[in-house]
Amino acid sequence: MNAQAPRPQHRSGTPGATLRPGDLRLDGVIGRGGFRLPLTMDFRAGETLVLLGANGAGKSTLLETLGGLIPLLEGELLRIGSDGATVLSGPRGTVPAERRRAGFVHQDYLLFPRMTALENVAFGLRARGVGKKEAHASAAAQLRRLGLTEAQAGSRPGALSGGQRQRVALARALAGEPDMLLLDVPLAALDAGTRAQARAQVYAQLREFPGPRVLVTHDLTDALSLGDRIAVLDQGTLAQIDSPAEITRTPRTPYLAELLGINLFSGLARRGRLSIGHSRVTAPTELDGRVLVTLPREAVTVNTEAPAKAGRNTFEARVVAVQEDAQGITVAVSPTDPDVGLACSARVPLTSLPTAPIRLGAPVWATVDESALHAYPF
Amino acid sequence: MNAQAPRPQHRSGTPGATLRPGDLRLDGVIGRGGFRLPLTMDFRAGETLVLLGANGAGKSTLLETLGGLIPLLEGELLRIGSDGATVLSGPRGTVPAERRRAGFVHQDYLLFPRMTALENVAFGLRARGVGKKEAHASAAAQLRRLGLTEAQAGSRPGALSGGQRQRVALARALAGEPDMLLLDVPLAALDAGTRAQARAQVYAQLREFPGPRVLVTHDLTDALSLGDRIAVLDQGTLAQIDSPAEITRTPRTPYLAELLGINLFSGLARRGRLSIGHSRVTAPTELDGRVLVTLPREAVTVNTEAPAKAGRNTFEARVVAVQEDAQGITVAVSPTDPDVGLACSARVPLTSLPTAPIRLGAPVWATVDESALHAYPF
Amino acid sequence: QRQDTTELTVAAAASLEGVFTELAGPFEDEHELRLRFSFAGSQELAAQIVQGAPYDVFASADTAQMTAVGEHALDPVLFATNELALIVPDGNPAGVTGLADLATGDVTVVLCAEQVPCGAATTRLMAATGEEIPADSLERDVTSVLTKVRMGEADAGIVYRTDALSARDDVETVPLPEGREAGIVNEYPVSALAEADDPALAGAFVSYMLSDVAQDALREAGFGTPGTEDASS
Amino acid sequence: MPNPSTAAARRRVTRPAAWPLLVPAAVGFAFLLLPLLGLLAAVPWTRLPEVLGRREVAEALGLSLVSATSAALLCLVLGVPLAWWLSRMRFRGHGFVRALVLVPLVMPPVVGGTALLSTFGRSGLIGAPLHQTSGITVPYSTPAVIMAATFVSMPFLVVAVEGTLRGLDPRLETAARALGASRWYAFRRVLLPAVAPGVAAGMVLAWARALGEFGATIAFAGNLPGTTQTLPLAIYLSLSKDPAAASALSLVLLVASLLAIGLAGSAAPIRGGRR
Amino acid sequence: MPNPSTAAARRRVTRPAAWPLLVPAAVGFAFLLLPLLGLLAAVPWTRLPEVLGRREVAEALGLSLVSATSAALLCLVLGVPLAWWLSRMRFRGHGFVRALVLVPLVMPPVVGGTALLSTFGRSGLIGAPLHQTSGITVPYSTPAVIMAATFVSMPFLVVAVEGTLRGLDPRLETAARALGASRWYAFRRVLLPAVAPGVAAGMVLAWARALGEFGATIAFAGNLPGTTQTLPLAIYLSLSKDPAAASALSLVLLVASLLAIGLAGSAAPIRGGRR
Ligand SMILES: Nc1ncnc2c1ncn2[C@@H]1O[C@H](COP(=O)(O)OP(=O)(O)OP(=O)(O)O)[C@@H](O)[C@H]1O
Ligand SMILES: Nc1ncnc2c1ncn2[C@@H]1O[C@H](COP(=O)(O)OP(=O)(O)OP(=O)(O)O)[C@@H](O)[C@H]1O
Ligand code: MOO
Ligand SMILES: [Mg+2]
Ligand SMILES: [Mg+2]
């Protein structure tokens, strides 16, 4: 992450929208053990909200709170009905998990070990009094849709592969006629080959589902393709909540920038010119006031030798991190004179590596392609 | 998958290479329960072999066989030493797991529930007689490298998030001074933001590791960036084993084509012209004989109206599948006259969707950009 | 519980099991009924009777337990006595010749605990003779003493004469004249119980115990009978 | 990753594997089995047919099996829910409530039987009103035998099942409830199957304990052949008069129980599929 | 996904949650506790100080606690490995081998004590050679009390622990061994902690059973105040002569055991972190 990356102030997850029946409103503190996370946000019926965030950010904790598996530490969780709101979790106790009717994919599946895959999927219906035959037929259909064979449907979880188990967990969540869907990384174990199919399958089922659906994922493609809105948990707050398009265009948190593989700065726009921090990296702009600025990593070039003529956006820097992979390297640099350059990351493809190797601590010259800078209001 | 997709014959995983000390050679049948998979392949010391394959293809089964957790059903698994080969698994019994010294990341982590993260990571060293202080110091360093805080290192697995658990599992596998590394989807639960870092971290550690390392992943980027060779298990055989570059350039199995998001056909090259099946889709070529041909999905355009002038590679077809996601749709078409067109998939971005909606079973006109066809020997 | 044939249930001290089983037949024939015995320690039986056990007759191994059942017992009468016997394992490995040998402390001796009838009698014997016997174990009942001596785990033990007799295949009896000289005998009362379904039949069983047939059988088994001065005839 | 400072440790890998476990296991097994040999040595093999042919032996064996089985079933029906309840307790001092369940275990059986008598006897806390209103006397009947056996064996089942319930991932139950299962449904379909090995172990303990029960039975139910005289009572009574017969009867008890438990244990699947 | 044909089922959601569990749990609890009330009713509260002040009471209580604790520890050391071994058995008829462990449970304690006598007694299988070579006599000594208690309580621990071991994910052990752990190290550091609730349950069972042990003790070790007279023996012997004193002593036994087990149970973490 970039040292000067901004920490935009908390943006409410409920941008003044009126709530409709089926919506959930959370205003309180979630957590467990020593972990606490204050959150104010809505979950709208008929909308897929994708949760992004680093490991340990509290995504699973949020899902389990919504599902009633763990209590809300402070505040209230409301479900809006046609004739007023019900308190699902609040200071005066909680509606038990079995009456929230959440279709839950647990991150570690939590399949029932002594039941077959089919019985696992039929469990929710059976528990609600649906006859065995009917429940099993519906469960079998759901498993088939998710690509399990009949033999696999008759196996216990212990005799299934990891991805097959996750399919069973997904089928179990979808089969139980839930009022809300809480899916904790439901596609992580699916093989890449059939993943697009599974994603399309889930996409179709999510779209039909009338209640709120909350999906945790670490996959940017999944997030962008499945989410109606995306919420980012970062550094102990709800850092941003926006549509996928907005999220990619105007990320507001370093975590998101890192995830998108771009540089993010806070800057100032004045008299048609944009300046980032104290640096002399500038660009024309139409905005005015405090801004956020993104810069693709590919738009930063790094040279081990001084360029022939030093352009406006070229500066001397030191390499502070190098990450290598099979296609190239990612180099983080820090300007020698903080008033001149930018602390940023550059992506150097293998095909255009400089002749001399780039070593940690080595002096380099970095050039920022000013046309790639994108600014938007803070 | 495409109906006419070829099933190239089994290609040996051991292309005549001589084995060196530290290498493993498997020639036998792996499996468990009712599942069986015959395999002949080498695992070379100092090389990262990535395993790809659909859910249930047998990747975890292979890893557990290599690690000695389950027996080999038939045949032998040899470890080459400087003075001959040791039979690790064979008809006359097996070398027990604890003497194979495998650093294993299990797909479901299998952390020890009553130990802290630190104790989990230190376990392998302690089991081998290393003193507590030394083992804990080395474990703490490994956990720090993988991004866990000291407080998290002191927590039991039950009080960690999913991604934190996976980091612990990875640290445990790396810390035990293993002779081989067996990593079953070791990065699947890591958040996307820090995943690149973790991948680079793992990449660095893998590169230093002198023994064979086998990595299962469902992530194409991980596979391509971490693998020295990639093995694809498909339809009950080892379908292909090649370098990442070869794998992307010349996929030999429909599974791989699906994973890469391209169309794959078998064709015939004769007298400088390439023909695919009976279709009249052709292109110039320098090859001769049976060939495999790839075609990016983006190189297929689909129209709901007949084009003004029917070019050579435009044909009438029917829509046999439509998958929609937030960025566009993927359309599978089947030619009305099998002698004229190709059964293939087209990717239509949202921005260039035809005016009339594309419906299942609807008649369409498809055009193949012949310059995008890439042929290589069968 | 009752079946077609009349039944008479007799709660009797465990030490009476042999004789009573033997005496049952003639009485059953004469009264056309079936006798059912519940053999247990006298104190256990007494407790059960107080709690309403469906017993018709109670035959106790000491008067204390008969007193303990109070008015449940209609008309207790003494029908037998028992006296102490010194037993040693077959072959008498420790060479015990009399009570005095037990007091030396060199032999392994087991006795009844003084809380149970046979132990109370042993304590009185020690008081009368002035011999302090250092027991290795104070057993809960005669059976336990008998078992330990029989198995050779004790060199000597003090039990009832009847028990010594019944185990004569496995143990030897060493004369114990001190007991009779000190007049240490246990008295066995029998009584019909207030709960009896048919008090007359219960009374008949009590009378039967005093009959010549029963008294002979008791003597045969090693009991003394109240009518005879010489209980050991 | 190889680290020269710890490389020396590699040599220690092949240390003998399992003897620290096998030696005590063998000692323990021998300690439990040797006395069985001592018992077998005392069995009068030639007299066996005669002793076993006695009517009261068959009666006593039948009564023992019936009452031990009934007691084990009662333990199951009452004890498993009790174990579940205890495993869910979370208040301060819950340890003492759990300890109360062990009371029958700690009381010497005869004392337990006496306590039962003072509760369910004709002049007991419960027995007196019962007797006055319905004329029923509990002790000295076969139901009393079953009650005595249940009383002494239930703690075993409860503790064994509670131990297993506590070892279970508590999230399994919440997962089931989140899917819409009531506590009862989740218990029946998820928890119970998951703790099946513990319940089976508890049932075996309870059944075996009930089969060998002596003190509480003789104190509470008496010793009436055909009604309350179980095999252990018959054995005890033979001990003084005819120790050889007692050995023979003990053999019957052991063989019957080994057959029952062994068959049940071998029939059960060696290991069910696990997650 | 709502499906009109099953929508009617929704109404059934709010059925009463837990009574099918709570009712039998309450009945079971009451059944175990009522006799305790019966016992308490008989306690002569005014005489309590006098009875409890007796030297032999303190002696007997001390001996009981010492021998029950020693027995429980012996059970732990021998029984846990035995349970591990039994849980690993995979051959045909392994059910019968496991059933053998239950022999001491099924034998009425007096028979068990007698069997111990015929094995470890002065003229027993092991005892005779021991006595001849070293002059040691086992019975009538405190070690004999501990042996008797161990003999009767070990099956409880073994069965409870074995049940828990069987319920464990077998892959945990292989994972540990793949990391280089020997069987013993994997057992000690991974299996044992994972089955800790079962071991704790088994220890409690064994300790409580040993504390209440009467029949085998008196048959094997005898009853000598100060050496082999445990509290249950003292209680039994008071029962006929001075039932009130017996009640008072029972109270001592119960309070001591409740304190020990309750304290241990409350001190233990309510639930350790779980995977
Ligand atoms: N049972 C627990 N006791 C104490 N702390 C816990 C417990 N479970 C989770 N935590 C902590 O709470 C924080 C949030 O955990 P949570 O599982 O919600 O993370 P997450 O966002 O789902 O992460 P991941 O992407 O790794 O799944 C973590 O720092 C974790 O260590
Ligand atoms: N214990 C078992 N008993 C019987 N069959 C099993 C068992 N474990 C796995 N299988 C079957 O063996 C096949 C291979 O399983 P494996 O776990 O190796 O798949 P995988 O390639 O790792 O898949 P995934 O990508 O889902 O992890 C699957 O079809 C699975 O159903
Ligand atoms: O009452 Mo007895 O005859 O000492 O067992
Ligand atoms: Mg999570
Ligand atoms: Mg797998």
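Reckoned from all heavy atoms, side chains included, excluding hydrogens, waters and symmetry mates. Chain A is the first sequence line, chain B the second, and so forth, proteins listed ahead of strands; every chain is numbered from 1.
- No part of E:F120 comes within reach of chain C, as not one of its non-hydrogen atoms sits under 4.5 angstrom from that chain.
- Identified under the salt bridge (Lys or Arg N to Asp or Glu O under 4.0 Å) test for residues 110-121 of chain E, with sequence neighbours left out: none.
- No part of E:P243 comes within reach of chain C, as not one of its non-hydrogen atoms sits under 4.5 angstrom from that chain.
- No part of C:A64 comes within reach of chain E, as not one of its non-hydrogen atoms sits under 4.5 angstrom from that chain.
- Annotation: ring-ring contact (aromatic ring centres under 6.0 Å, His included) contacts of E:F156 (sequence neighbours excluded): D:F156.
- By the side-chain contact (heavy atoms from CB on, under 4.5 Å) test, C:A156 is found to be paired with C:L86, C:V88, C:V96, C:L102, residues two or more places apart in sequence or in another chain being considered.
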What would the table of donor-acceptor pairs between chain E and chain C look like if you include every N and O pair under 3.5 Å, whether backbone or side chain?
residue	atom	partner	partner atom	Å
E:R122	N	C:E153	OE1	2.6
E:R122	N	C:E153	OE2	2.9
E:R122	NH1	C:T108	OG1	3.4
E:R122	NH2	C:G152	O	3.0
E:R122	NH2	C:D155	OD1	2.7
E:S123	N	C:E153	OE2	3.2
E:S123	OG	C:M151	O	2.8
E:S123	OG	C:E153	OE2	3.4
E:Y140	OH	C:E153	O	2.8
E:I218	O	C:K148	NZ	2.7
E:A219	O	C:K148	NZ	3.1
E:N223	N	C:S137	OG	2.7
E:N223	O	C:L138	N	2.8
E:N223	ND2	C:L138	O	2.6
E:S240	OG	C:Q115	O	3.2

